[in-house]
J.: 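Sharing a structure with you now.
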Amino acid sequence: MVSNISLSSLPLSMMLCSNFRQNKMRNYGVILGFMVLFLAACSINPQEKGTIVLNNKSDYLLSDIKVKYTNSKRVDVLGDLPAHTSYTYKIHYTDSEDSITVYYMDHEQRKKSLTAVGYAAKYDRQRYVLNIG
């Protein structure tokens with residue numbers, strides 16, 4: 001047989017204990033929520049370090065895009081970048097410092113260059129943004 005017991009009929013010590021448990025559970029829920037938010041913020045990094053973001057803000061295609069490293073003599077050919085698009089390039093670090101230049105051909109077939117990173121080193125990883133156009 002199930003009986004309905006109201007809180008007012010319970011002794012004061014049981015009511016306080018019940019409220020304490022509810023508050024304690026609520027506190028655990030708040031702490032758990034903050035921990036989940038913190039872990040999500042740490043694991044999802046929308047601005048990844050060690051990258052160059054190439055933004056083609058022009059109305060034209062950029063062609064023959066190359067990334068050249070000054071000291072290591074590395075050259076990465078990226079190809080074309082359509083109008084109003086972006087490309088994220090991951091920097092390839094070496095044991096020595098380097099500088100990185102981006103070369104491209106504009107819509108009038110003129111060769112252009114931009115210094116993307118004046119100083120790149122393993123211990124100083126950053127996110128660089130190049131706006132072209």
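Just so you know, these numbers come straight off a predicted model, no measurement behind them.
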J.: Do T101 and K66 have side chains that approach each other closer than 4.5 Å (heavy atoms only, starting at C-beta)?
T.: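 T101 vs K66: side chains apart.
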
J.: Taking D76 for the side chain and V67 for the main chain, is one N or O donor matched with an acceptor at less than 3.5 Å?
T.: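 Not at all, since once roles are kept as given, no pair shorter than 3.5 Å links the two residues.
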
J.: To the nearest 0.5 Å, what is the distance between OH (Y128) and CD1 (I91)?
T.: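 Y128 atom OH to I91 atom CD1 measures 6.0 Å (nearest 0.5 Å).
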
J.: Evaluate the side-chain proximity of L61 to H107: yes if any heavy-atom separation is below 4.5 Å, no if none is.
T.: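 Answer no - side chains too far apart.
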
J.: How long is the gap from CG on N56 to NE2 on H84, to the nearest 0.5 Å?
T.: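 Between N56 CG and H84 NE2, I get 7.5 Å after rounding to 0.5 Å.
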
J.: Show your working on side chain to side chain contact (heavy atoms under 4.5 Å, CB included) between Y104 and L114 and close with a plain yes or no.
T.: CA-CA 9 Å; Y104 64 95; L114 290 170; 4.1 Å; yes

J.: Under 3.5 Å, is there a donor-acceptor pair between the Y119 and Q126 side chains?
T.: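 On atom types as modelled, these side chains do not qualify, holding no pair under 3.5 Å.
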
J.: Where do G133 and S58 come nearest, in terms of heavy atoms and distance?
T.: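 Residues G133 and S58, closest heavy atoms: CA-CB, 3.9 Å.
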
J.: Hey, quick one: are V117 and Y93 part of the same hydrophobic cluster, counting side-chain heavy atoms closer than 4.5 Å, chains of contacts allowed?
T.: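 Yes, it is one cluster - the side chains of V117 and Y93 are joined through contacts under 4.5 Å.
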
J.: Indicate, with yes or no, if I132 and L81 share a hydrophobic cluster defined by side-chain heavy-atom contacts under 4.5 Å among Ile, Leu, Val, Met, Phe, Trp and Tyr.
T.: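 L81 clusters together with I132.
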
J.: Taking all non-hydrogen atoms of both residues, which atom of A121 and which atom of E97 are closest, and how far apart?
T.: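 Reported closest heavy-atom pair: CB-CG, 4.0 Å.
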
J.: Name the residue from I52, L130, T51, V102 that meets the side-chain contact (heavy atoms from CB on, under 4.5 Å) definition with Y89.
T.: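 Option passing the side-chain contact (heavy atoms from CB on, under 4.5 Å) with Y89: I52.
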
J.: Between N71 and S96, is there a donor-acceptor pair closer than 3.5 Å when you use the side chain of the first and the backbone of the second?
T.: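 No, because the side chain of N71 does not come within donor-acceptor range (under 3.5 Å) of the backbone of S96.
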
J.: Checking the side chain of D98 only, and the main-chain atoms of Y69 only, is there a donor and an acceptor separated by less than 3.5 Å?
T.: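 Not confirmed, D98 side chain does not pair with Y69 backbone.
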
J.: Could you check S86 against N55 for side chain to side chain donor-acceptor pair (under 3.5 Å), going step by step and ending with a plain yes or no?
T.: CA-CA 4 Å; S86 295; N55 292 323; 2.4 Å; yes

J.: Under the 3.5 angstrom rule, does the side chain of D80 hit a backbone N or O of D64 as a donor-acceptor pair?
T.: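 Yes, D80 side chain to D64 backbone: donor-acceptor pair under 3.5 Å.
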
J.: Got a second to check how far S63's OG is from D106's CG, nearest 0.5 Å?
T.: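 Nearest 0.5 Å value for the OG-CG distance: 8.0 Å.
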
J.: Nearest heavy-atom pair of G118 and S99: which atoms, and what distance?
T.: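 Taking every non-hydrogen atom into account, O-CB, 3.3 Å.
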
J.: Flag yes if Y87 and I65 sit in one hydrophobic cluster, no otherwise; membership is Ile, Leu, Val, Met, Phe, Trp, Tyr, and two members link when side-chain heavy atoms are under 4.5 Å apart.
T.: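 Same hydrophobic cluster.
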
